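Everything below concerns the one structure shown next.
Because the structure is a prediction, the values reported are computed rather than measured. Along the sequence shown, the residues carry numbers beginning at 1.
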Amino acid sequence: MVAVFLIGLISCSNGTFNGSERQQQNRIDQLQSIPLNSQKIVRGQTVYVPIYSHIYYYNRQEHTLNLSATLSIRNTDLTNSIIITAVRYYDTNGQLLEQFIKNPVELKPLASTDVFIGENDVTGGLGANFIVEWAAEKQVYEPVIEAVMISTASAQGISFVSPGRVLQEYSQKN
């Protein structure tokens, strides 16, 4: 389900982005790297999350509205950590733009983390997406993985949520 909300904000445009300037500090960079023992993994998923770097309005390609996007990964388990093993960002053509983690990182119980793509970063295009892979060493509740896109223009704004979709699931009974 995609939710759309109009909000009253002031425009915050500050130039264009060429793709090599992605320098925002993402909270995922602050998570602790941990070793991954594949023998201990009992659950995991590969999740696809659609991202929109811009949307068309009025006469389609003549008018676009750039959007910022926040990928949110939320561990919903009350007592167990999950391990994020990959966060990859792809463009409209399926080309890998960036891999946000080099080593598996731990996301503690009820913790969340995010990756931010700025409004002026249109390198992903209309069909950009994230692939998120996670694993757990114990049976856990499925995390919430989604993206929030937002933009402002004049005194109006638009925002919407794009939920992740499970592409592959791994589950092993204890």
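- Looking only at distances, a side-chain donor or acceptor of Ser53 sits under 3.5 Å from a matching main-chain atom of Gly125.
- The hydrophobic side chain of Tyr141 is isolated, with no ILVMFWY side chain under 4.5 Å apart from it.
- If you take CD on Glu137 and CD1 on Ile82, they are separated by 12.0 Å, rounding to the nearest 0.5 Å.
- Hydrophobic cluster membership differs between Val42 and Ile83, with clusters built from Ile, Leu, Val, Met, Phe, Trp and Tyr side chains linked at under 4.5 angstrom.
- Atoms CZ and CG, from Arg74 and Asp114 in turn, are 9.0 Å apart once rounded to the nearest 0.5 Å.
- In this structure, CG on Leu107 lies 9.5 Å from CG on Leu110, to the nearest 0.5 angstrom.
- Contact annotation: the side chain of Gln45 never approaches that of Ile145 to less than 4.5 Å [non-hydrogen atoms, C-beta and beyond].
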Criterion side-chain hydrogen bond (donor to acceptor under 3.5 Å, both in side chains) on Tyr170 and Gln168, from CA distance to verdict:
CA-CA 7 Å; Tyr170 173 78; Gln168 189 172 28; over 6 Å; no
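- Following chains of ILVMFWY side-chain contacts shorter than 4.5 Å, one cannot reach Val140 starting from Ile41, and the two form parts of different hydrophobic clusters.
- For Val49 against Glu146, the heavy-atom pair with the smallest separation is CG1-C, 4.0 Å.
- Neither Val132 nor Val144 shares a network with the other; the hydrophobic side chains, linked directly or stepwise wherever heavy atoms of I, L, V, M, F, W or Y lie under 4.5 Å apart, form separate groups for each.
- A side-chain contact (heavy atoms from CB on, under 4.5 Å) with Ile101 is found for exactly one of Ile28, Thr85, Val115, Asp29, namely Ile28.
- A side-chain donor-acceptor contact under 3.5 Å links Asp91 to the backbone of Asn93.
- Residues Tyr48 and Phe130 fall into different hydrophobic clusters, defined by Ile, Leu, Val, Met, Phe, Trp and Tyr side chains chained together at heavy-atom separations under 4.5 Å.
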Intermediate values then yes/no, side-chain contact (heavy atoms from CB on, under 4.5 Å), Leu67 and Phe160:
CA-CA 10 Å; Leu67 304 167; Phe160 57 97; 3.9 Å; yes
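- Linking Ile, Leu, Val, Met, Phe, Trp and Tyr residues whenever their side-chain heavy atoms come within less than 4.5 Å places Tyr89 and Tyr52 in a single cluster.
- Formation of a donor-acceptor pair under 3.5 Å by the Ser159 side chain with backbone atoms of Ile150 is not found in this model.
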I'd like to know whether Thr64 forms a side-chain contact (heavy atoms from CB on, under 4.5 Å) with Val122, so could you lay out the CA-CA distance, the side-chain angles of the two residues, the decisive distance to 0.1 Å, and finally the verdict.
CA-CA 11 Å; Thr64 60; Val122 295; over 6 Å; no
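- Contact detail for Asp77 and Asn75: the closest heavy-atom pair is N-OD1, 3.0 Å.
- Atom CG of residue Asn66 and atom OG1 of residue Thr152 lie 11.0 Å apart, to the nearest 0.5 angstrom.
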Given Lys138 and Lys40, is the side-chain contact (heavy atoms from CB on, under 4.5 Å) satisfied, shown in steps?
CA-CA 8 Å; Lys138 297 180 179 179; Lys40 291 184 177 181; over 6 Å; no
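- Checked by atom type and distance alone, the side chain of Asn103 never pairs as donor or acceptor with a backbone atom of Ser33 at under 3.5 Å.
- Between the side chain of Glu169 and the main chain of Arg43, no donor-acceptor pair closer than 3.5 Å is present.
- Counting only distance, with no hydrogens or angles, the side chain of Thr70 and the backbone of Phe116 share no donor-acceptor pair below 3.5 Å.
- Within the 4.5 Å cutoff, side-chain heavy atoms of Ser81 are placed close to those of Lys108.
- For Met149 against Pro50, the heavy-atom pair with the smallest separation is CE-O, 4.3 Å.
- A 6.0 Å sphere centred on CZ of Arg88 holds more than 12 heavy atoms belonging to other residues, nucleotides or ligands.
- In this structure, Thr113 OG1 and Ile73 CD1 are separated by 6.5 Å, a value rounded to the nearest 0.5 Å.
- Smallest separation of non-hydrogen atoms from Ala128 and Thr92: N-OG1, 4.0 Å.
- When each of Ile84, Leu36, Leu31, Asn37 is checked for a side-chain contact (heavy atoms from CB on, under 4.5 Å) with Pro104, only Leu36 meets the rule.
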Audit row: His54, Ser151, side-chain contact (heavy atoms from CB on, under 4.5 Å) steps and yes/no
CA-CA 9 Å; His54 65 277; Ser151 184; over 6 Å; no
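- For the atom pair Tyr90 OH and Gln99 CD, the distance stands at 7.5 Å (nearest 0.5 Å).
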